[in-house]
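The figures here come from the full heavy-atom set of this structure, side chains too, leaving out hydrogens, waters and symmetry mates. Values in this document were obtained by computation on a predicted structure and should not be read as measured data. Numbers for residues simply follow the sequence, beginning at 1. When a ligand or atom number is given, it counts from 1 through the structure's own listing order.
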Amino acid sequence: MVSSLSSSLGTERKLVTEVPGPKSRALHERRQAVVSAGLSNGFPVYIERAEGAILEDVDGNHLLDLGSGIAVVSIGHAVPEVIEAVSAQVANFTHTCFMVTPYANYVEVCEELARLTPGDHAKTTALFNSGAEAVENAVKVARLATGRPAVIVFDHAYHGRTNLTMALTAKNMPYKDRFGPFAPEIYRVPMSYPFHDGLSGAEAAARAIGEIESQVGAHNVAALLIEPIQGEGGFVVPAEGFLPALSAWTKKNGVVFIADEIQSGFCRTGDWFAVNHEGVIPDIVTTAKGLAGGMPLAGVTGRAELMNAVHEGGLGGTYGGNPVAAAAALATIKVMRDRDLAGRARELGAAMLAHLNSLAQDVAIIGEVRGRGAMIAFELVEPGTKKPNAAAAKSIVSYCNSQGVIALACGTYGNVIRLLPPLVISDEQLADGLSVLAAAVRAAS
Ligand SMILES: *Cc1c(COP(=O)(O)O)cnc(C)c1O
């Protein structure tokens with residue numbers, strides 16, 4: 001066990017077999033017999049160790065990670081501070097259930113979340129295990145606190161895979177198809193998507209608000225739930241002014257503004273939260289993914305008067321705010337603060353944008369490059385149109401994989417490539433990944 005801590009993986013991408021290699025292929029055979037076929041197969045290389053931005057598979061290949069396990073290990077793999085904090089907590093105790101007998105690090109995580117989330121109002125937090133669970137609980141709180149039923153969500157939204165969050169999520173395949181019936185009182189309105197709608201933020205907000213007022217009625221709305229930059233839906237960055245206009249409308253109408261920062265939060269976009277870029281102060285913020293350096297932890301942080309409106313026992317869960325995950329979160333937040341990973345995200349973003357914008361000049365299949373900080377994507381189109389080109393995205397991801405680079409697609413139409421490197425990736429590693437990506441794009445063109 002300890003040997004994995006003492007020997008370094010190095011910093012370079014290096015393939016010693018074809019990928020997936022023979023050991024991965026053997027594991028994959030075993031998988032077919034016992035793992036549900038309902039789980040997707042991104043890139044079936046089986047991982048044994050990881051460090052920084054490098055994954056080592058069972059065949060000894062060293063892969064460059066541009067996905068961070070979907071924006072989770074933003075601080076990188078195997079960070080010594082996290083290993084130490086988690087190991088110490090495991091040795092002390094792993095579980096009591098916070099609702100039965102509490103412990104300090106749960107409270108400390110809530111103190112950090114109160115400090116870090118936008119706004120200086122009094123805030124309280126409840127901790128959970130997954131992003132979907134956090135979103136569900138944010139909706140529970142908003143409905144109880146307002147006494148209203150309706151929840152507003154947006155085109156291209158992704159909020160999870162549980163029954164309520166499937167209803168909140170936009171995309172049918174693979175998330176919702178034949179899994180209904182879905183929860184009621186969810187209303188979907190158009191997102192600001194400048195590449196396709198050409199609207200200013202104010203115009204797009206007026207369109208969405210018009211639909212809400214005419215089709216739902218503001219007084220029926222408990223919450224407006226939005227990802228400040230959409231994740232799975234395609235890294236859609238709303239036009240400037242869209243989020244502030246929605247926020248102002250919610251304030252005026254007694255609607256709870258819930259920012260789902262599960263993918264965009266925790267330094268990913270170059271600030272602690274994506275809403276900070278436009279000075280928006282949500283009533284409730286949901287967090288997960290980047291929060292705990294790879295351990296499962298999620299938070300619902302909101303105005304104390306909303307969060308505390310819930311009767312005692314109304315929120316919770318056996319494992320929510322598990323002490324090991326809480327220890328990981330405290331170490332993760334400290335690393336983010338001490339190493340200014342928000343600043344690093346801005347540097348990485350500038351490098352990725354420069355590289356991709358120049359690539360987009362040379363090829364006809366990149367319709368738009370967009371994103372903020374180290375949450376950058378490009379949308380692939382049929383040349384000369386804005387029609388989605390999912391085939392290109394597929395071929396780019398598989399080319400990258402064949403070269404030992406982990407890249408992820410996303411988007412309602414599967415035609416967006418997203419880059420979510422660990423924020424500790426070095427300049428050299430990023431340049432290496434981007435050069436493979438460029439070759440993949442050219443090959444798909
Ligand atoms: C990943 C994600 C979720 C769901 O989180 P899980 O931990 O997978 O349940 C919810 N919202 C957003 C924005 C996400 O990116």
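Some N or O of Gln263 is nearer than 3.5 Å to an N or O of ligand 1, by distance alone. For the pair Gly131 and ligand 1, the shortest N or O to N or O distance falls below 3.5 Å.
Every atom of ligand 1 is numbered from 1 in the order shown, and the set under 4.0 Å from a heavy atom of Glu227 is 13 (C). The contact set between ligand 1 and His159, taken as ligand atoms under 4.0 Å from a residue heavy atom, comprises 10 (C), 11 (N). Taking a cut-off of under 4.0 Å to the non-hydrogen atoms of Ser130, the atoms of ligand 1 that pass are 7 (O), 9 (O). Atoms of ligand 1 found under 4.0 Å from any heavy atom of Asp260, numbered from 1 in the order shown, are 10 (C), 11 (N), 12 (C), 13 (C).
The cationic group of Lys171 does not satisfy the cation-pi geometry with Tyr158, failing either the under 6.0 Å distance to the six-membered ring centre or the 45° limit from the ring axis. Cation-pi check for Lys251 over Phe257 is not met; the charged atom does not lie both under 6.0 angstrom from the ring centroid and within 45 degrees of its normal.
Using a 4.0 Å cut-off between charged nitrogen and carboxylate oxygen, Glu232 and Arg418 count as a salt-bridge pair. Electrostatic pairing of Glu379 and Arg370 counts as a salt bridge here, judged by a charged N lying under 4.0 Å from a carboxylate O. Here Glu112 pairs with Arg337 in a salt bridge; the nearest charged N to carboxylate O distance falls below 4.0 Å.
Neither the backbone nor the side chain of Ala288 comes within 4.0 Å of ligand 1, counting heavy atoms alone. With a 4.0 Å cut-off on non-hydrogen atoms, Glu133 does not touch ligand 1 at all.
Per-atom contact check: atom 11 (N) of ligand 1 touches the protein, criterion being a heavy-atom distance below 4.0 Å.
Contact between Leu39 and Arg31 at its shortest, heavy atoms only, is O-NH2, 3.6 Å.
Between atom CG of residue Asp65 and atom CZ of residue Arg13 there is a gap of 13.0 Å, rounded to the nearest 0.5 Å.
At least one heavy atom of Ala132 sits less than 4.0 Å from an atom of ligand 1.
The main-chain N or O of Val381 is found under 3.5 Å from a side-chain atom of Asn389 such that the two form a donor-acceptor pair.
In terms of protein heavy-atom proximity, atom 14 (C) of ligand 1 is closest to Lys289 NZ, 2.9 Å.
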